Amino acid sequence: MSTPTGHYDFAAFEAKWQKHWIENRTFRTPQPGDEDFDASRPKFYVLDMFPYPSGVGLHVGHPLGYIATDIFSRYLRMRGFNVLHPMGYDAFGLPAEQYAVEHGVPPRETTAKNIANMRAQLQRLGMGYDWDREIATTDVAYYKWTQWIFLQLYNSWYDPEEDTARPLAELIHSLECENRVVGPHGELVPVAGASTGLQEFVGLPPGTRTWSQLTPEERHDVLDAHRLAYLDEVAVNWCPALGTVLANEEVTNEGRSDRGNHPVYRRPLRQWMLRITAYADRLERDLELVDWPEAIRLMQGNWIGRSEGAEVDFAVEDSEEVIRVYTTRPDTLFGATYMVLAPEHELVDVVTSDEQRAAVQAYVEQARHRSDLDRTAETKEKTGVFTGGYAINPVNDERIPIWIADYVLMGYGTGAIMAVPAHDTRDYEFALKYNLPIVQVVQPPGNEDWRGYVGDGIAVNSGRFDGLTTAEFKKQITEWLESESLGKGAVNYKLRDWLFSRQRYWGEPFPILHDAATGQVFALDESELPVELPTIEDYRPQASDDPNAPPAPPLGRATDWANVRGYMTEAGSVKLVRPGQDAPAGVPVRAFRRELNTMPQWAGSCWYYLRYLDKHNDDALVAPEVEDYWMAPCDGGPVGGGVDLYVGGAEHAVLHLLYARFWHKVLYDLGYVSSPEPFGRLFNQGYIQAYAYQDARGMYVDVNDIEEQGEGKDLRFIRKSTGEPVTRSLGKMGKSLKNAVAPDDICHNYGTDTLRAYEMYMGPLEASKPWSTRDIVGMSRFLQAVWRRFVAEDGSIMVVEEAPDDRLHRLLHKTVKRVTFDMHNLRFNTAIAALIELNNALSGGAVPRQVAETFLKLLAPIAPHLCEELWQRLRGSHWHRSISVERWPAYDEALCVEAEVEIVVQVMGKIKARITLPASADEGQMREVALADERIVAELTGKTVRKVVCIPGRLVNIVAN
RNA sequence: GCCGAAGUGGCGGAAUUGGCAGACGCGCGGGAUUCAAAAUCCCGUCCCCGCAAGGGGGUGAGGGUUCGAUUCCCUCCUUCGGCACCA
């Protein structure tokens, strides 16, 4: 403990209190099952998006949201809430692996070092986390449960009738009971009347087979085709030079790798996929259950991309085949003048004529090698080839040509379209280029040109449907198509299934085995978890110049780890038999190779908010009573329940938040969590921007190498090391713009409390705003002024025991009201302004104790070290209870209004006088006094008063002319 | 192109429901203190005219609703974010 002095020695007392909080576990959060748990307190779960522990540490932009949630959590604790506010690390990922490749240091070591460094940084920021709950996604005890969730996905299927995920065992049971049979393409067909035992009389749907009619291999395939986690051959971004697949975000617009600028190819590879599309509808619908920024909900909605339309079958001329298309505009069917298949469409070969075959094959081959980004770049001109085949338009029996073009994507709808060039921008462009007919079928309102018109209108050239509005036409034609068995209403989503494997080392291994003999895939038994990531010597991915060389993930080098023996359990999972061990008697032992891919970085961050709840539980991901306590809707919170406040950057608007919602819903369906949504309320903090400087070549110059010269219009920026002039611009703070400012430097020069208060004072939390080290002195002055207000030069405390006078008493209550309101709404900038105003009003003389104590409580969440120190000094040296457990001050509404108010008197909206009236003055009194004011009398001379508007407590406006 | 957010002094920003535009802070100007400086304290600081009293203008631009608009409506401009051939 430091000896009391009169000097504002922030370095000493900030370290003292940080140590105090950690040693006393001040912010440990008791919960159901703990001895000191108090069930009478309301709960609140405040969550930060956890960081990636990078080697370079934090800059002042990173902790913006963390400071905000820390302040909010401290405020809620003082309000009597049981607050959960944990922190952890999203520690798998590429940088540690790249570092390992370059320096030979195992990622585990680098990561441990970076985490220790980041923890120390967070503690120096005075964060009141419950450190007992700290997690890292790379901890074996953590990723055991990431693997466990994967097993749940693997062992579940989506039941469209019940609209829920269910254990695969239930599907097998239903197939064995013949409640369901298997269709010709492996699809599940419910049997009508199955539950009544009448199916014998009804008979099975044509083309279907019962479970008992399938071979064991066919059964395996049927099950695999319905798992929520499945292997599939998909076109991926394959970078042979890096030896890995890349996410779309990791590929540049030029079709090269973000790191290293190596070529990237589209290539079909057998990869793990997660069936997120099964949840598309619920992921979209349940956005209603959460309290999120509207912009984020819209972004997720657009990403899921639900559209309603119809599927229509077009007969192929001289063939039994039909081409099924999806359209959102069935009302334009009469305007379909040609069809387009995606180059990968299965009917391309069938419809192609002999004369066109060579050209079609060349086009298909070329399309295969273009990346998706390449193909979808709108700046690129559309290309295509006529197949020589024709289809019949079902509504008017017109013969229309079939083309192939890569502007039609195989992955959306049916991979085939009817082209209506008159009313679709893309079809219009294509038709103009290739001279295809354009037929108007929609009459736009007004005099707009119908060519390329894509809006709604009145039907023309559409036979008996002429004259209908677009909406009515859609409805009628969809009914007609259904009645004629030519098509049906259909819903489509832009959302695709989630590519879930990476050819990398530093990620979670899959709990999956491949039979060494047959290649068949099996899941490990839950009892075999965790599958630990093995130590290897060489972390390099196997690079190759040959784009067709098979991928060789680094885990392939861990041969002892990868090759295992095991046996099947009754449930169909595999238990391992370790060297020297034996399987149970009579059970055959088989050789397996482990899955060598690892999971993407998103996996660990998909569910971390659940593990904080029950980090030490070895038997379950989270105990049900604990999960139920924290994830239930809070008082007045959104009905979807979940984390009560989740704060993070908007850059995760789609992927992380969508993936996490998907996993959460699976866990919900399977009964492991109680809330349908993981994050009830979401708040996006803005970025901290900073000036960045570029030299003549456009290269960024480190901010520390910059000197300002001149001022005003003559302000210039000079690079100190070379003396050359540089230009200034504003950008997101970070390494790439060389404009990062380290929080440690600010804490060292001004103190942590100053940094915290300044970051909050910069502006609204949700706004992006520029960092200005120059402006920090304002906050530093404020906190020093607070110190000097209470501590004399000799270190003695300056408070008096008298009650405050009426003016100060009212100001105090008004300030409590303002700060409480602002805290509640995360408006810390105005809360601080209110506290500065109160402090400014305390000028001269000693402060009444009542005012001093209330003031410190209000400031404590923002500047906790300063307030702890002053609180202790105020209470005497024997005092050791943290101010963070004091009760938040209450205010008296009656004291928040002044006895007298100044009323503005306007004539024709312009202020002409000010009058002082009792706050209780009614409209009549206001009017009387205002009209009697000599300034107003003079102003109204020669005018007639038409109207007098009185707003009690605010103004009088006289309309006169 | 489509979707979304935002434009207020020299700067960051404030203004709960339509009711005194510019709270609070930075910077700047002046003063006090000091041998001097730093620190601190006090006063001033939207723009224009005026010694002043006072007057006029003003929240990206233009229009509208209203007694009254930073706030609501329409059109446009600029900046930032997201999506980008999704039929």
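Because the structure is a prediction, the values reported are computed rather than measured. Excluded from the calculations below are hydrogen atoms, water molecules and symmetry mates; all remaining heavy atoms, backbone and side chain alike, are included.
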Reckon A/Tyr761 has a side-chain N or O less than 4.0 Å from the OP1 or OP2 of B/rG25? no

With heavy atoms under 4.0 Å as the rule, sort A/Thr327 into base, sugar-phosphate or nothing. sugar-phosphate

Counting any heavy atom closer than 4.0 Å, what does A/Val904 reach on the DNA or RNA strands: base, sugar-phosphate only, or nothing? base

Taking atom P in both B/rC24 and B/rU33, compute the distance separating them and give it to the nearest angstrom. 27 Å

Name the nucleic acid region contacted by A/Asn840, choosing base, sugar-phosphate or nothing; use a 4.0 angstrom heavy-atom cut-off, strictly under. sugar-phosphate

Is it true that A/Glu893 and A/Lys817 make a salt bridge, defined as a side-chain N closer than 4.0 Å to a carboxylate O? yes

What nucleic acid atoms does A/Arg827 come within less than 4.0 Å of, heavy atoms only: base, sugar-phosphate, or nothing? sugar-phosphate

Kindly check if the number of other-residue, nucleotide or ligand heavy atoms within 6.0 Å of CZ (A/Arg946) is above 12? yes

Using a heavy-atom cut-off of 4.0 Å across all strands, would you classify A/Asn829 as base, sugar-phosphate, or nothing? sugar-phosphate

B/rG9 glycosidic torsion: syn (within 90° of 0) vs anti: syn

What is the ring orientation for A/Tyr412 with A/Tyr326, classed by angle as parallel under 30°, tilted 30 to 60°, or perpendicular over 60°? perpendicular

Could you check whether A/Lys494 gets within reach of a base, just the sugar-phosphate, or nothing at all, counting any heavy atom under 4.0 Å? base

So A/Ser307, base contact, sugar-phosphate only, or nothing? Heavy-atom distance under 4.0 Å. sugar-phosphate

Quick one: label A/Arg946 by what it contacts on the DNA or RNA (base, sugar-phosphate, nothing), any heavy atom closer than 4.0 Å. nothing

Side chain of A/Arg935 (C-beta onward), nearest among B/rC20, B/rA87, B/rG55: B/rG55

Aromatic plane relationship, A/Tyr758 with A/Trp771 - under 30° parallel, 30 to 60° tilted, over 60° perpendicular: perpendicular

